[in-house]
Amino acid sequence: MGVRENLQQVKEKIRLAAVRSGRDLEKIKIIAVTKRVEVSRIREVLEQGIPDLGENRAQEMTEKIPVLPAGLHWHMIGHLQTNKVKYVVGVVDLIHSLDSWNLAKEINRQAVKLGVVARVLVQVNISGEITKYGLAPGELHDFLVALRDLPQIAVQGLMTVAPQVQNPEEVRPYFKELRLLAVGYNLEHLSMGMSNDFEVAVEEGADMLRLGTAIFGSREK
Ligand SMILES: *Cc1c(COP(=O)(O)O)cnc(C)c1O
């Protein structure tokens with residue numbers, strides 16, 4: 001199926017999940033995850049009126065930006081190395097993956113240099129899987145307090161990557177926990193939900209869905 005049909009199906013599923021859970025559809029943003037997707041297919045998603053694109057590698061994003069229209073909203077969703085921060089701050093709308101104090105310091109340093117405010121989400125490793133990036137929920141409080149000393153970082157919310165499971169119901173508790181953390185710290189945005197589990201994420205309060213496979217199909221070669 002093409003990008004257009006995939007997107008129509010995704011939107012319908014989001015709509016139904018929003019209805020089930022009494023969510024306002026207007027507040028739920030699709031971020032098309034374009035990693036390893038060719039530019040021609042990315043253009044198809046832009047034609048469908050999706051201006052938000054997510055990449056997990058700074059280098060790939062840096063290559064794509066000049067060949068795509070200006071004015072798109074880029075999202076850095078993957079683990080960011082400190083030596084790549086300079087390619088991202090001032091370029092992306094939002095960094096979803098702030099996961100360490102060193103990274104925070106470097107983001108702030110680059111933001112100061114450019115005279116911008118870097119909008120970020122703090123990545124939380126709710127499931128505790130050792131393969132996943134992000135702070136433990138118990139580390140979040142002190143981290144958020146420490147971030148107040150970095151004036152050119154604006155924390156807008158939380159992000160998590162749920163475990164890969166067969167039945168998306170299994171990740172519902174993780175999404176619930178992320179939402180409770182965000183509510184507790186008075187943070188607005190919740191980036192959670194990928195192709196396998198976005199309907200559950202919508203029901204649990206996600207307002208940013210990071211969708212790759214559901215839109216572009218499998219990228220396995
Ligand atoms: C690749 C990726 C996604 C999208 O994954 P799909 O399962 O293809 O929707 C979302 N978030 C992050 C951090 C990713 O790296």
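Every number for a ligand or one of its atoms is a count from 1 in the order of the listing.
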Just by distance, do the side chain of [X] and the backbone of [Y] share a donor-acceptor pair under 3.5 Å?
X	Y	value
Arg119	Leu94	no
Arg20	Glu203	no
Asp207	Leu190	yes

Thr213, any N or O under 3.5 Å of ligand 1 N or O: yes

Gly212 N/O to ligand 1 N/O under 3.5 Å: yes

Option of least heavy-atom distance to atom 2 (C) of ligand 1 (set: Lys35, Lys132, Met159, Met194): Lys35

Options Arg210, Met192, His79, ranked by nearest heavy atom to atom 4 (C) of ligand 1, top entry: Arg210

Parallel, tilted or perpendicular, as decided by the 30° and 60° cut-offs, for the rings of Tyr185 and His141: tilted

Subset of ligand 1 atoms that lie under 4.0 Å from at least one heavy atom of Ser195: 6 (P), 7 (O), 8 (O), 9 (O)

Atoms in ligand 1 with a heavy atom of Leu211 nearer than 4.0 Å: 9 (O)

Sole candidate of Glu55, Glu63, Arg57 that passes side-chain hydrogen bond (donor to acceptor under 3.5 Å, both in side chains) when paired with Gln59: Glu63

